[in-house]
Colleague: 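Below is one structure. I have some questions about it.
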Amino acid sequence: MRGTRDLLPDQTPLWNKVEATARGVFARYGFGEIRTPVFEDTSLFSRSVGEETDIVSKEMFTWEDRARAASEKAQSLTLRPESTAGVVRAYIEHKLGETGQLQKLYYIGPQFRRERPQRGRYRQFWQIGAEVIGPQSSGAESPLRDAEVLEMLASLLDELGIRDWKLELNSVGSAEDRVRYNQALREALEPVKHLMCVDNQRRAETNPLRVLDSKDEADQEIINGLPKIADYLGAESKAHFEAVLEALDACGVKYHLNPRLVRGLDYYTRTTFEFTVTTGLGTQNAMLGGGRYDGLSEMLGGPRAPGIGFAIGEDRLILTLQAQAEADGLSVAAAKLDAYIAPLGVAQNAAALALAKELRREGLTVEVGDGSFKLRKSFDAADKVARSIVLLGEDEVASGVLTVKTFAIGEQWKCLKKDFAKVIKAENWMREYRATAQKTGFASDDLLADRREEVFNEARKDANNDAEQFLLRRQI
RNA sequence: GCGGCUAUAGUUCAGUGGCAGAACGCCGCUCUGUGGCAGCGGAUGUCGUGGGUUCGAAACCCACUAGCCGCCCCA
C-alpha cells in the first residue's frame with residue numbers, strides 16, 4: 001500500500017528502544033499514558049485542526065459509516081491525522097477537568113494522512129506525543145508548563161543521542177492577537193502581493209500567515225518587510241512568552257526565536273515551536289512540533305482548559321538516528337542468543353528440543369538446529385545467531401554432560417546440564433558491565449567488568465572440572 | 001495535489017536493440033564429532049505491471065503502480 005511500510009525484526013529493536021526511552025523520560029516528568037481510538041468522528045478534526053487547513057481539506061482518510069437501522073444516522077468517520085484532538089476529546093468526555101488536577105498525558109501511536117509519500121513522510125506514520133492540560137486553577141496556563149515541556153523534549157532528544165537539533169520558537173499570540181495580526185498582514189500584502197510567486201499570491205488570500213513560511217527566494221525581501229507578529233502580541237501574551245524564555249534560559253535550553261514560525265493547525269495559540277535536525281531527513285527536517293492551545297477545549301464544547309503539547313515524528317526520529325549511526329560508521333548488530341543447540345544426528349533431535357525447553361525455562365535465549373545438518377552447517381548457523389554452540393551427540397545425551405563452544409573465547413568446554421544456565425548468566429553479567437563501562441566511561445565500571453569476566457572464566461572452568469570428574473567417575 | 005528521477009538475483013548494482021550478468025550473500029562438495037580460511041561446483045530472475053514499436057525489447061514509446069528528490073504541507 002502506498003505510503004505504508006512493514007517494520008521487520010531488523011528494524012523493530014530501534015523502535016522499541018526509542019519508545020522505551022520516551023516512556024522513561026515521560027514517567028520522570030509525571031506523565032501518564034493515554035490510548036485513544038485511531039478513528040474518530042470527522043467533525044472532531046474539522047472543528048479543532050480547522051476546516052481550511054490542508055490536513056482537513058485534502059489529507060484525511062474519511063468514510064461514511066453506514067446506518068445500521070432506519071432510526072440511526074450514517075456517521076462520517078476519519079482515521080486520526082493527529083492525536084491532540086482525540087486526547088482533548090477524551091479530557092472533555094471523561095471530565096478530567098473536574099478533578100482539578102493538571103493532566104499530563106502521553107501517547108505513542110499511528111497517525112494517517114493522505115499525502116504523497118517521501119522520505120520521512122508516510123501515509124501511516126507514528127507520533128510520540130504529550131499534552132499538559134487542565135483548568136486554569138491547576139496552573140495549566142503557566143509559562144512554566146511551556147518551559148518544562150520544551151526542557152523535557154531537549155532532555156529526551158539528548159538521551160536518545162540526537163545531535164544537532166535546533167529549537168525554533170515563536171509566539172503567535174492569543175486568538176484575538178492573531179485576528180489583529182492577520183488583518184495587518186492582509187493590509188500589508190495587498191499592495192505588494194502581485195509581485196510575489198503564485199503560491200504566495202494564493203496564500204495572501206487564503207491564509208496570510210503561511211506567506212511567512214515561504215521558501216521562495218525572490219519573495220524574501222517582501223516577506224522581511226512585513227509586519228512582525230511580536231509587534232501585535234497583547235501585553236499578556238508578551239509577558240507570558242517572556243516568562244517562557246526566562247525559564248528556558250534558567251534551564252540552559254538553547255532556542256532560536258523565529259518570528260516566521262507558523263504552524264498549520266488552527267488551534268495553536270501563543271507559544272509554538274519546532275525542533276529541526278540537519279541529518280537524515282532532507283527537506284522534511286521538522287522532527288517534532290507543537291504549541292499551546294488555550295482555546296481548544298472550548299472549541300470542542302468543553303470547559304476552559306488551557307494546554308500545551310507536542311508530537312514527535314517517530315519515523316523521522318528513527319531516520320535521523322539511523323543516518324547518524326551511518327555517518328559514524330556504526331552498524332547495528334542484531335542481539336545474539338545465549339545458545340544454539342546442535343543435535344549431531346536426527347536421533348538427538350528430541351533430546352535437543354527438551355534441552356532447549358529446560359534452558360529457556362531458566363531464562364536463556366536459545367535456538368535449536370536439526371540433526372540433519374552437517375556439523376559445519378551447524379557451526380555456521382550457530383555463529384550467526386548465538387554466542388555459544390551446544391553440541392548434542394550420543395555421548396552427551398547418555399551422560400547429561402554438555403559439550404559447549406563459546407565463540408568469543410574460541411574455547412570448548414564441558415558442563416553438567418544443571419550448571420549451564422548459571423555459567424551463561426555469569427557471562428551475561430560480564431557483558432552488561434562492559435556495556436555500562438562503555439556508556440559511563442568510568443574506569444571503575446571497566447574494573448567491575450574485568451572482575452565479572454574472571455568470575456565467568458572461573459565458573460566455566462569449575463563447571464568443566466566438575467563435568468570431567470563426573471565423566472571419570474562414570475567410566476569407573 | 002504539481003514537477004522531476006528511478007524500478008534487473010536475497011542485497012548492492014552493471015548491462016543503450018541480438019543467449020540475463022558481477023560482487024556479496026545463499027546452497028552443495030572437498031570434509032559424516034569440531035565451523036570460520038581455501039579450492040571446486042550450483043541455484044539465483046514475471047528484468048515493477050500492462051500495452052505498443054520492431055524480424056528481435058531489460059533497453060525505445062505510452063499508461064499504470066511503487067519508491068525517491070523538489071514543491072506543497074507537516075511529524
Colleague: What's the CZ-P distance between A/Arg210 and B/C74, to the nearest Å?
Modeller: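 Interatomic distance, CZ of A/Arg210 to P of B/C74: 4 Å.
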Colleague: Just checking A/Phe310: base, sugar-phosphate only, or nothing, at a heavy-atom cut-off of under 4.0 Å?
Modeller: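 Nothing, no heavy atom under 4.0 Å.
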Colleague: Write down the partner of B/U6 under the Watson-Crick or G-U wobble criteria, each distance required to be under 3.5 Å.
Modeller: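 With both distances under 3.5 Å, B/U6 matches B/A66.
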Colleague: Below 30° counts as parallel, above 60° as perpendicular, anything between as tilted: where do the rings of A/Tyr293 and A/Tyr267 land?
Modeller: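 Geometry flag for A/Tyr267 against A/Tyr293: perpendicular rings.
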Colleague: Taking only N and O in the side chain of A/Arg2, is any of them less than 4.0 Å away from OP1 or OP2 of B/G67?
Modeller: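 Yes.
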Colleague: Whole angstroms only, please: what is the CG-C1' distance between A/Leu209 and B/C74?
Modeller: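 It works out to 16 Å between those atoms.
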Colleague: Which base, if any, makes a Watson-Crick or G-U wobble pair with B/A23, both distances under 3.5 Å?
Modeller: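 Across any shown strand, B/A23 pairs with B/U11.
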Colleague: Roughly how many Å is it from OH in A/Tyr267 to C1' in B/C74, rounded to a whole number?
Modeller: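 Computing the A/Tyr267:OH to B/C74:C1' distance gives 11 Å.
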Colleague: Under 6.0 Å from the ring centre and within 45 degrees of the ring axis: does the NZ or CZ of A/Arg270 meet both conditions for the six-membered ring of A/Tyr268?
Modeller: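 No cation-pi geometry.
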Colleague: Whole angstrom is fine here: how far is it from CD1 in A/Ile108 over to P in B/A75?
Modeller: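 That distance rounds to 18 Å.
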Colleague: Using a heavy-atom cut-off of under 4.0 Å over every strand shown, decide if A/Arg119 touches base, sugar-phosphate, or nothing.
Modeller: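 Sugar-phosphate contact only.
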Colleague: Would you say a side-chain N or O of A/Arg116 is under 4.0 Å from OP1 or OP2 of B/G70?
Modeller: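 No, no such contact exists.
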Colleague: The criterion is salt bridge (Lys or Arg N to Asp or Glu O under 4.0 Å); which residues satisfy it with A/Asp219, sequence neighbours excluded?
Modeller: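 With sequence neighbours excluded, A/Asp219 shows a salt bridge (Lys or Arg N to Asp or Glu O under 4.0 Å) to no residue whatsoever.
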Colleague: Stacking between B/A75 and A/Phe125, yes or no? Criterion: centroid separation under 5.5 angstrom, plane angle under 30 degrees.
Modeller: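 The base of B/A75 is stacked with A/Phe125 (centres under 5.5 Å, planes under 30°).
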Colleague: Using Watson-Crick or G-U wobble geometry with both distances under 3.5 Å, which nucleotide pairs with B/G33?
Modeller: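 Looking at the geometry, B/G33 pairs with no nucleotide.
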Colleague: A/Ile312 CD1 to B/A75 P: how many Å, rounded?
Modeller: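 For the pair A/Ile312 CD1 and B/A75 P, the rounded distance is 12 Å.
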Colleague: May I ask you to check if A/Arg5 and A/Tyr122 form a cation-pi contact, with NZ or CZ under 6.0 angstrom from the six-membered ring centre and within 45° of the axis?
Modeller: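 Ring-cation test returns yes.
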Colleague: With a cut-off of less than 4.0 Å, is there a side-chain N or O of A/Lys374 near OP1 or OP2 of B/G28?
Modeller: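 Checking A/Lys374 against B/G28: no side-chain N or O falls below 4.0 Å of OP1 or OP2.
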Colleague: Let's test this: given Watson-Crick or G-U wobble pairing with both distances under 3.5 Å, identify the partner of B/C72.
Modeller: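 Partner of B/C72: none found under 3.5 Å.
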Colleague: For the pair made of CD in A/Glu326 and P in B/U12, what is the distance, rounded to whole Å?
Modeller: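 From A/Glu326 CD to B/U12 P: 12 Å.
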Colleague: Go ahead and name the base partner of B/U54; Watson-Crick or wobble counts if both distances stay under 3.5 Å, otherwise write none.
Modeller: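 Across any shown strand, B/U54 pairs with none.
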Colleague: Over how many whole Å does the gap from A/Leu212 atom CG to B/C72 atom P extend?
Modeller: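 From A/Leu212 CG to B/C72 P: 14 Å.
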Colleague: A/Arg123 has an atom CZ; how far is it from atom C1' of B/G67, in whole Å?
Modeller: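 It works out to 13 Å between those atoms.
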